[in-house]
There are 2 protein chains.
Amino acid sequence: MGSAADILVRNPRLAEAREHLEAALAARRVILLVGQCRVIYRGRASSELTDGDRILLIKTDGSVLVHRPFGYESVNWQPSKCLFKTTLRDRVLTIRATRVQPKETLTILFSEVASLGVYNLEDSGVFSMYVSEEQMRQAILLDPSLVEDGIRPLAEEKRFGDAGFTDVLAEDAAGNLVVIEIKRDRAGRDAVLQLRRYVDEIARDAQRPLRGVLASPGLRKGAQRLLESLKFEFRRVAPERCYDVLRRHDQVKISDYFDSDER
Amino acid sequence: MGSAADILVRNPRLAEAREHLEAALAARRVILLVGQCRVIYRGRASSELTDGDRILLIKTDGSVLVHRPFGYESVNWQPSKCLFKTTLRDRVLTIRATRVQPKETLTILFSEVASLGVYNLEDSGVFSMYVSEEQMRQAILLDPSLVEDGIRPLAEEKRFGDAGFTDVLAEDAAGNLVVIEIKRDRAGRDAVLQLRRYVDEIARDAQRPLRGVLASPGLRKGAQRLLESLKFEFRRVAPERCYDVLRRHDQVKISDYFDSDER
DNA sequence: ACGTCGATCTCGAAC
DNA sequence: GTTCGAGGTCGACGT
């Protein structure tokens with residue numbers, strides 16, 4: 001890494017800040033600007049934020065984040081591929097980030113800059129997450145007994161009309177079709193309704209009895225009742241067991257998912 | 001603001017960085033740490049991110065964000081009210097942010113620090129946003145002709161079972177009940193299903209004919225067909241007209257929503 | 001605490 | 001381009 005900070009200045013004059021900014025934007029560097037600003041957004045909605053101290057982060061892909069000193073979420077933002085324009089007038093440094101589709105603009109007006117950092121960051125790190133819904137699905141395909149003994153998956157990612165994909169379509173020991181909806185977290189009513197959509201869709205073409213099964217670590221309150229009223233079934237599937245299956249089939253890279261003291 | 005940056009150091013040794021960090025965490029300052037790190041998350045799910053240059057932002061409320069040099073979203077994070085612990089061992093500066101409920105920990109392991117900034121930021125700015133779904137609802141309550149002439153809202157925020165709230169329940173000129181579902185953006189199939197849920201819920205108790213109306217700026221593709229098959233209606237309601245109504249009733253503070261050159 | 005729903009949601013995948 | 005579903009979604013609001 002060496003010295004990743006190209007620029008790191010405290011309380012720069014606005015003109016100086018603008019010069020660094022222009023060069024950094026042209027070079028597609030990561031920019032951190034901390035100072036007093038107000039923010040205007042116009043696009044899908046409109047917003048205004050009056051003066052205060054904020055952190056502005058501009059990334060290499062042209063995405064923009066404005067953070068207040070508190071709160072997890074950014075107060076204003078712009079996704080990647082923004083076009084930038086800076087102006088300096090009347091002691092205000094204006095940064096405008098424009099997105100084309102949909103057309104929206106984010107305008108940040110700095111009246112004071114506490115610090116400006118410009119960085120040349122290299123990040124080719126690999127990000128892995130466990131256990132996603134997709135991994136639960138893979139585990140169930142590898143070992144369908146996670147859901148039910150004697151069940152056999154019929155096709156991966158089979159599509160039915162506009163209703164989207166069923167998570168898994170299978171056949172049980174008795175020859176019934178089984179539509180399986182998977183949730184990585186406890187399933188609520190919305191998951192049951194989603195299952196119903198898939199079941200309805202498939203029922204239109206199916207020539208044999210059809211079962212709807214919700215596979216998840218648990219059920220939220222209303223889900224049980226709704227599930228019963230629709231004659232669907234619930235199968236408890238713990239992410240831990242899915243992980244075991246994946247590991248047994250060497251589908252998982254992570255080494256210390258359950259043993260690490262980081263857990 | 002004066003000098004909001006308490007600390008701003010380039011390439012600090014890890015021990016120095018840790019000292020500043022500990023003091024800043026105790027003082028509840030905003031912290032910006034840029035450098036090479038890897039990240040481990042354990043909680044509702046698990047994730048690992050191998051080495052790379054990242055931006056770490058810790059806020060006054062104990063929220064944490066780890067940003068890669070690209071992408072709008074943070075790669076790892078922790079919501080507010082985290083507990084922190086830092087350690088320095090084997091040339092690695094470890095920052096651990098723990099959340100109690102749900103129990104989850106985020107561990108960031110820095111091997112190099114390009115810059116460390118500690119800030120005392122003041123932000124009492126006011127954030128205003130237009131036009132939200134709630135504002136569209138207010139506009140429709142103020143001027144129901146936005147949806148249909150002769151319609152009269154019956155009650156705000158009337159509740160029905162666990163199904164949640166209807167956006168607006170009204171009575172039309174003929175005395176029918178009208179359930180109105182509002183969307184600020186073009187409405188998709190999910191909005192129609194949501195409307196059905198409210199209509200079904202109310203139909204159980206209603207003593208008179210019931211209509212379901214979807215009020216939004218437009219319809220997505222599948223929504224039209226689903227709407228028709230369920231015998232519901234669509235009413236085009238533009239956010240701009242809602243804004244006009246709100247402004248006419250002095251319900252809006254913003255001055256230049258449509259006239260500003262920021263638009 | 002849990003459940004529901006909106007969001008400038010973002011992001012990706014399929015069509 | 002559009003549509004659809006996942007997300008450690010988050011956050012707000014209500015029970």
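Chain letters run A, B, ... following the sequence lines, proteins first and then strands; every chain starts at 1.
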Do the rings of B:Tyr130 and B:Tyr243 sit parallel, tilted or perpendicular, given the 30° and 60° boundaries? perpendicular
Does A:Arg38 have any salt bridge (Lys or Arg N to Asp or Glu O under 4.0 Å) partners at least two apart in sequence or in another chain, and if so, which? none
Would you tell me if any nitrogen or oxygen in the side chain of B:Tyr198 comes within less than 4.0 Å of OP1 or OP2 on C:dT4? no
Just the rounded figure in Å: distance from P of D:dG11 to CD of B:Glu134. 20 Å
Test log, rule salt bridge (charged side-chain N to carboxylate O under 4.0 Å, His left out), inputs B:Glu134 and B:Arg137: CA-CA 5 Å; B:Glu134 171 57 21; B:Arg137 188 175 147 274; 3.1 Å; yes
Distance (rounded to the nearest 0.5 Å) between B:Arg197 CZ and B:Asp200 CG: 10.0 Å
What nucleic acid atoms does B:Asn76 come within less than 4.0 Å of, heavy atoms only: base, sugar-phosphate, or nothing? base
Can you tell me how far P of C:dT10 sits from CD of A:Gln101, to the nearest Å? 13 Å
Options C:dT8, C:dT4, C:dC11, nucleotide nearest the side-chain atoms of B:Glu73: C:dC11
For the P atoms, the ones on C:dT8 and on C:dT4, what distance do you get once it is rounded to whole angstrom? 22 Å
Check for me: is A:Trp77 stacked on C:dT8 by the 5.5 Å centroid and 30° plane-angle rule? yes
Between A:Gln78 and A:Ala223, name the one whose nearest nucleotide on DNA chain C is closer to the 5' end. A:Ala223
What's the CG-C1' distance between A:Leu226 and C:dG3, to the nearest Å? 14 Å
May I ask you to verify if any side-chain N or O of A:Gln194 is less than 4.0 angstrom from the OP1 or OP2 atom of D:dA6? yes
If the cut-off is 4.0 Å, is B:Arg197 near the phosphate of C:dT4, judged by side-chain N/O to OP1 or OP2? no
Find the distance A:Arg137:CZ to D:dG7:P and express it as a whole number of Å. 12 Å
Candidate list B:Asp167, B:Val245, B:Val147, test side-chain contact (heavy atoms from CB on, under 4.5 Å), partner B:Ile140, passing option: B:Val147
If I take atom CG in residue A:Asp167 and atom C1' in nucleotide C:dA14, what distance separates them, rounded to the nearest angstrom? 15 Å
Rounded distance (Å) that lies between atom P of C:dA7 and atom OH of B:Tyr72: 14 Å
In a check of side-chain contact (heavy atoms from CB on, under 4.5 Å) between A:Val199 and each of A:Val213, A:Val179, A:Leu177, A:Leu230, which one passes? A:Val179
What integer distance in Å separates B:Arg220:CZ from C:dC15:C1'? 16 Å
Classify A:Glu104 by what it touches in the nucleic acid, base, sugar-phosphate, or nothing, heavy-atom distance under 4.0 Å. base
DNA chain C nearest-nucleotide lookup for B:Ser132 and A:Asp190: closer to the 5′ end is A:Asp190
If you compare every side-chain N and O of B:Arg44 against the phosphate oxygens of D:dC10 (OP1, OP2), does one of them come in below 4.0 Å? yes
Nearest-0.5 Å distance that lies between atom CD in B:Glu104 and atom CZ in B:Arg42: 12.5 Å
For the pair B:Asp244 and B:Arg241, find out whether any cationic side-chain nitrogen is under 4.0 Å from an anionic carboxylate oxygen. no
C:dT8 pyrimidine/purine six-ring stacking with A:Tyr41, under 5.5 Å and 30°: yes
Looking at residues 177-187 of chain A, who's got a heavy atom less than 4.0 Å off DNA chain D? A:Glu181, A:Lys183, A:Arg184, A:Asp185
Mind checking if B:Pro79 touches a base, just sugar-phosphate, or nothing, with heavy atoms under 4.0 Å? base
Whole-Å distance between D:dG5 P and A:Glu201 CD? 10 Å
Taking only side-chain N and O atoms of A:Arg189, does any of them lie within less than 4.0 angstrom of OP1 or OP2 on C:dC5? no
